[in-house]
Amino acid sequence: MTATSWGWLVLAFPLAGTLIVALGWRVWPGRVPGWIGSAAILGSFGSAVAMLLALLDRPEESRVLVDSAYTYASTGGFDAGMAILVDPLSVFMCLVVSGVSFLIHVYSVAYMDSDRGYTRFFAYLNFFVFSMLLLVLAANFVVLIVGWAFVGAASYLLISFWYRRATATAAGIKAFVINVVGDVGLVIGAFLIFDATNALDFAAVFERTPEVFGSNDGQLVAACLLLLVGAFAKSAQLPLHTWLPDAMEGPTPVSALIHAATMVTAGVYLIARMHPLFEQAPAAADISAVIGTATLFVAASIALVVTDLKRVIAYSTMSQIGYMILGVSVFAYGAGLFHLMTHAFFKALLFMGAGSVIAAMANEQSLDRMGGFRKAMPFTYVTFTVGALALAGFPLMSGFFSKDEILAFTLNRGGWFVVLAIVGYLTAFMTAFYAFRMVFRVFHGEPSPEARELEGGHLAHGDPVNPSTGEPEDTDVGFPGPEHHIAEHESSMKAAMGPLALLAIVAGFLQVPGVTDVLEGFLEPTFAGSHHVHDHPSDSAEQLGLLLGAALSISGIGLAALLYLRRPGTTGRLQERFAGVHSLLANRWYFDELYALTVVRPFAAAGRLGRTVIESAFVQGVLVDGTVGLVRAGSSFARSIQTGELRAYAALLLAGVSGLLLYFLIVAS
Amino acid sequence: LAAKSTSAGQTRLAAGRKTRLAAGGEARLMDVAWFVVLSAFIFCIGAAGVMTRRSPLVVLLCLELMLNAGNLALIAFARMVGNQEGQIFALIVMVVAACEVVIGLGVIVAMYRRRLPIDVDEMAELRG
């Protein structure tokens with residue numbers, strides 16, 4: 001089989017999984033839908049591996065393949081086919097997405113076990129993976145946009161999975177609205193490109209780009225900025241990031257899937273895929289680099305003070321995606337995608353560990369109430385710490401190599417990019433600090449009552465409440481199930497976290513400066529046309545960067561240890577001392593308030609105006625009631641004629657006939 | 001116009017019946033206006049009856065008056081014009097009148113049978 005046939009299979013497995021799980025929702029007993037869903041994704045992953053092998057069999061120049069199943073529309077220069085593009089980039093994305101998704105499915109099999117929406121959950125999850133794979137395999141803008149929109153819809157379904165929880169549905173709507181803003185940007189951007197190049201297929205567009213557009217051509221820059229709107233909305237970059245922390249309302253495996261491995265990396269993928277456009281419009285790429293840097297700093301600063309465990313990881317995701325965006329925007333595609341991969345491993349791992357801890361806390365998510373789980377949950381402790389070490393960029397962990405490669409590339413660009421790199425290094429220090437703030441507050445210190453209960457061999461069970469509002473809930477469908485599942489008790493959760501922990505440790509060795517160059521070598525054919533492919537920092541510069549990164553990471557971890565292990569209570573004093581800074585960060589730089597003021601409230605006011613003036617007064621009052629009144633008046637007149645009195649009818653008849661006669665007499669004479 | 005055609009009809013009538021009239025002496029033809037006026041009177045009496053009386057039986061009788069006023073006018077004009085069409089029409093009207101009376105009386109008898117009020121004002125089921 002050729003690589004493209006395997007590519008179709010990659011798509012077919014999760015689609016079939018969705019249909020089988022969804023259509024049999026009444027039939028499947030127990031954990032069967034979970035295993036069906038996992039098997040589908042495993043099939044997809046297997047096909048992706050086969051696709052990789054088939055691609056590696058080919059000579060390096062011919063590793064970009066396109067296959068079209070059928071022509072979707074063909075009219076007047078508009079040719080859109082249901083086509084997939086198999087090249088090293090899409091194979092790489094397929095492997096990461098399907099591989100991590102498979103482990104997340106396996107984790108969910110146990111984690112979601114007692115939820116009444118178990119089958120629905122796996123149908124959504126498979127659909128999400130299908131959408132994401134469609135997005136990364138798309139060979140033209142039409143399929144890309146379809147996959148893009150599917151991913152948005154699937155994330156909405158998954159975030160509002162507990163649909164009777166008001167905060168969850170609100171978060172789902174928020175995510176969907178912001179994603180639609182991004183969709184609009186992507187669609188208009190694609191149209192601007194189509195308008196100039198008259199092509200939708202990526203290959204044709206990229207071929208014509210240098211002919212049609214000059215460097216920094218106005219239309220191209222506008223198109224790239226609109227593509228960036230799409231990328232930023234999906235990847236939760238400033239200023240379209242506010243949906244991501246709220247999306248933590250979804251079940252924890254969803255957070256792992258959407259906010260770690262797949263959906264949020266779509267923006268990074270988009271920029272990497274569109275690199276010929278961005279290289280022709282460096283102004284747009286520079287804006288993207290600046291925004292990525294701003295995001296990585298802002299998000300990390302918020303993560304320093306947030307007390308909700310999942311939201312800390314969510315902000316850390318934003319921050320790490322900021323690194324990736326910075327990477328692909330300074331044309332360091334290999335580095336950005338390398339970080340995408342390592343981040344998928346360690347962030348999914350962190351979310352899984354957090355899910356396990358939250359389950360042990362009976363769905364409580366606040367760091368303030370956690371503590372001392374080290375003895376009660378040894379497996380979760382070890383794997384979570386591995387994830388945190390990778391996130392912190394601890395020497396020789398995966399995040400260590402990938403993050404520093406991005407920063408080394410940025411430094412190498414010189415000029416004002418040095419500022420971005422400095423912010424990146426500063427944030428690396430903050431990252432190490434907040435990563436271990438989580439570890440120390442959750443697993444070290446005085447054990448919480450739940451931790452003590454677990455040490456006694458019993459899993460804590462509180463009354464079901466909404467963790468963000470404290471509202472009481474029940475455990476029926478639309479709410480989390482009654483039982484909690486932790487990794488220590490569930491082998492399938494362990495089976496998912498083990499390999500991820502291993503990958504979080506070793507994945508970095510794919511790209512050790514001066515030693516290995518596996519990933520960039522593999523991705524070479526996709527970026528062969530790039531002008532910046534040789535702007536590589538020297539090995540010695542990268543190794544120097546690694547030393548700096550290691551120092552920052554260790555000092556960040558050390559500071560966290562000092563504040564949370566050696567002198568607990570210092571943070572409270574710091575908080576009082578810098579109350580202004582703390583409230584700025586704790587209120588997430590007031591982004592939500594800013595949107596409430598500039599977008600939400602004006603829209604709500606316009607909505608109220610529309611309802612009172614246009615809807616109530618004009619549509620209901622004038623159009624609807626007016627028509628009704630007219631018909632009613634007309635019919636009451638017609639009714640008044642129908643007296644039912646025979647003699648009146650006779651009189652009318654006579655009067656009519658007489659009138660007619662009189663008329664003819666007058667006319668005739 | 002009416003006067004002109006009347007006089008024309010008269011001369012033709014006169015021509016057609018010369019022999020018979022000559023035998024019967026001086027028989028002056030009555031002016032058609034009299035018939036029409038009489039017919040109009042009868043018609044008005046009938047119409048007034050239909051509109052004012054409340055007994056269905058009387059209303060039927062008055063209808064009959066109106067129909068026969070029409071018949072009278074038809075026959076008078078037929079005589080004036082000198083052909084038979086008007087008379088045939090009058091015969092058809094009589095047939096229709098007979099049918100109508102049959103149905104009307106049938107309805108009235110049915111109303112008696114069911115002891116309904118015999119009053120056209122009470123029968124106002126068609127009120128909107």
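The chains referred to below are lettered A, B, ... by the order of the sequence lines, with proteins before strands, and numbering in each begins at 1. All figures in this text were calculated on a predicted structure; none of them were measured in a lab.
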- Query: Looking at CZ of Arg54(B) and CG of Leu646(A), how far apart are the two atoms once the value is rounded to the nearest 0.5 Å?
  - Reply: 13.0 Å
- Message: Heavy atom to heavy atom, less than 4.5 Å: which residues from residues 89-115 of chain B reach chain A?
- Response: none
- Message: For Arg53(B), is the CZ atom crowded, meaning more than 12 foreign heavy atoms sit under 6.0 Å from it?
- Response: no
- Query: Got a sec: does the CZ of Arg632(A) have more than 12 other heavy atoms crowding it under 6.0 Å?
  - Reply: no
- Note on the structure: To the nearest 0.5 Å, atom CG of Asp121(B) lies from atom CD of Glu645(A) at 5.0 Å
- Task: Identify the residues of residues 43-50 of chain B whose heavy atoms come closer than 4.5 Å to a heavy atom of chain A, ordered by number, or report 'none'.
- Result: Phe43(B), Ala47(B), Val50(B)
